[in-house]
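Notes follow once the structure below has been shown.
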Amino acid sequence: MKKIAILTSGGDSQGMNTVIRAVTKAAINKGMEVYGIRRGYKGMLEDQIFPLTLLDVSGIADKGGTILLSARLPEFKDPEVRAKAAANLKKYGIDGLVVIGGDGSFHGAHYLYEEHGIKTIGIPGTIDNDVAGTDYTVGYDTALNIILDAISKLKDTATSHERTYLVEVMGRNCGDLALYSAIAGGASGVMIPEAQSSIDKIAEVIKKRRAEGKLYDIIVVAEGVGNIMDIKDELAKKIDTNIRVTILGHIQRGGAPTAFDRILATRLGVKAVELIEEGKGGLMVGIQSEEVTTHKLSYAWENYSKTSASDYAIANMLSL
Ligand code: ADP
């Protein structure tokens with residue numbers, strides 16, 4: 001009987017539990033034995049490995065966070081540490097491992113496959129949408145919707161007080177959350193790390209809007225652009241409207257996953273189990289043009305997850 005394990009690693013995202021449920025159910029359905037590993041690679045090293053049952057994953061598809069907990073273990077870059085962790089898996093006879101996380105976690109999974117033959121499959125789970133080899137990461141859609149909800153609320157108070165709001169959103173070096181929340185939220189400006197933004201241009205748009213009688217401005221700023229307080233100070237030199245900064249922070253990572261994220265999580269989880277069943281490893285799964293696809297894990301860091309230049313142009317075109 002095949003034995004597989006599952007862990008969540010790096011920053012958590014909504015839909016990780018949905019993946020855990022899908023993997024567990026699909027694997028048990030195929031006659032496999034499933035183990036959970038708590039606290040990512042740290043738990044693998046410390047032998048926090050336990051049998052995962054259908055009861056454990058019952059009712060979790062709609063719960064944010066991860067029942068397996070997540071952690072970071074920088075020491076996993078050391079081959080000796082990985083060897084110790086791999087030995088723990090082998091002790092249980094586990095030869096397949098599903099890793100849910102970002103490209104850092106995928107590095108670990110890649111080495112476990114290359115060095116120890118563990119059939120690892122990576123599932124992109126992060127709100128940042130910064131993993132190449134998939135159009136969407138699990139959690140991104142939910143975070144995007146949380147940002148949209150926040151923008152709607154900020155618009156109300158921004159209008160009452162005729163303010164300009166700079167809204168900082170997550171995404172690390174990826175501007176997708178900022179760009180698409182700006183488009184969907186009707187923002188009057190967006191700043192992303194992939195494109196050079198001009199504070200002069202944003203100031204011009206704000207002045208024009210005010211001259212036309214518009215009472216508020218929402219400018220979405222990706223965290224990867226730089227210090228938002230410096231951006232605020234820079235902008236304040238150029239306009240005389242009242243500017244406020246709102247940093248949305250970790251609320252973007254919590255709450256129930258959207259239907260999109262739950263379906264994505266389930267499709268990718270089932271695919272991961274199928275690949276292990278076929279004896280494959282060292283791969284990541286993703287969704288590209290509506291199809292579930294597979295790539296080598298290294299694809300995630302050898303390629304760049306590109307923010308669409310044409311969508312950035314659309315956002316700017318509507319910044320009036
Ligand atoms: P994410 O997976 O979201 O990108 P991190 O970059 O924090 O998050 O990585 C999560 C964990 O993956 C790290 O704490 C570490 O245990 C492991 N990891 C990251 N980079 C590497 C690497 N180059 N080699 C081996 N393991 C790594």
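Just follow the structure's listing: the first ligand is 1, and inside any ligand the first atom is 1. Just the heavy atoms: all of them, side chains too, but no hydrogens, waters or symmetry mates, feed the values below.
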Proximal ligand 1 atoms for Y111, defined as those under 4.0 Å from one of its heavy atoms: 24 (N), 25 (C)
Side chain, backbone, both or neither: the part of F106 lying under 4.0 Å from ligand 1 by heavy atom: neither
Intermediate values then yes/no, side-chain hydrogen bond (donor to acceptor under 3.5 Å, both in side chains), H295 and Q288: CA-CA 11 Å; H295 294 281; Q288 293 176 294; 2.8 Å; yes
Side-chain donor-acceptor contact under 3.5 Å, T258 with D141: yes
Heavy atom of the protein closest to atom 11 (C) of ligand 1 (residue, atom name, distance): S9 OG, 3.6 Å
Shortest reach to atom 3 (O) of ligand 1 by a heavy atom, considering only A300, G102, S13: G102
Side-chain donor or acceptor of D12 paired with backbone N/O of S70 under 3.5 Å: no
Contact with ligand 1 for D103, non-hydrogen, under 4.0 angstrom: yes
Centroid-centroid distance, Y140 to F260, less than 6.0 Å: no
Atoms of ligand 1, numbered as shown, that sit under 4.0 Å from any heavy atom of H107: 21 (C), 22 (C), 23 (N), 24 (N)
From I100, I67, L68, residue fulfilling side-chain contact (heavy atoms from CB on, under 4.5 Å) relative to N17: I67
Spatial distance of atom CD1 (I243) from atom CD (E234) [nearest 0.5 Å]: 10.5 Å
N or O contact, S105 vs ligand 1, cut-off under 3.5 Å: yes
Test item, M44 contacting ligand 1 (heavy atom, 4.0 angstrom): no
Distance-only N or O hit between ligand 1 and R72, under 3.5 Å: yes
Protein heavy-atom partner closest to atom 15 (C) of ligand 1 - residue, atom, separation in Å: L73 O, 3.2 Å
With sequence neighbours excluded, residues passing side-chain contact (heavy atoms from CB on, under 4.5 Å) with S58: none
Y41, portion touching ligand 1 at heavy-atom distance under 4.0 Å: side chain
Option set G10, G104, A109, G11, criterion heavy-atom distance to atom 12 (O) of ligand 1, minimum: G104
Pairwise side-chain contact, I287 with T293, heavy-atom cut-off 4.5 Å (strictly under): no
R172 N/O under 3.5 Å from ligand 1 N/O: yes
For A222 against A178, the heavy-atom pair lying closest together: CB-CB, 3.7 Å
Atom 25 (C) of ligand 1: the protein heavy-atom neighbour that sits closest, reported with distance to 0.1 Å: F76 O, 3.5 Å
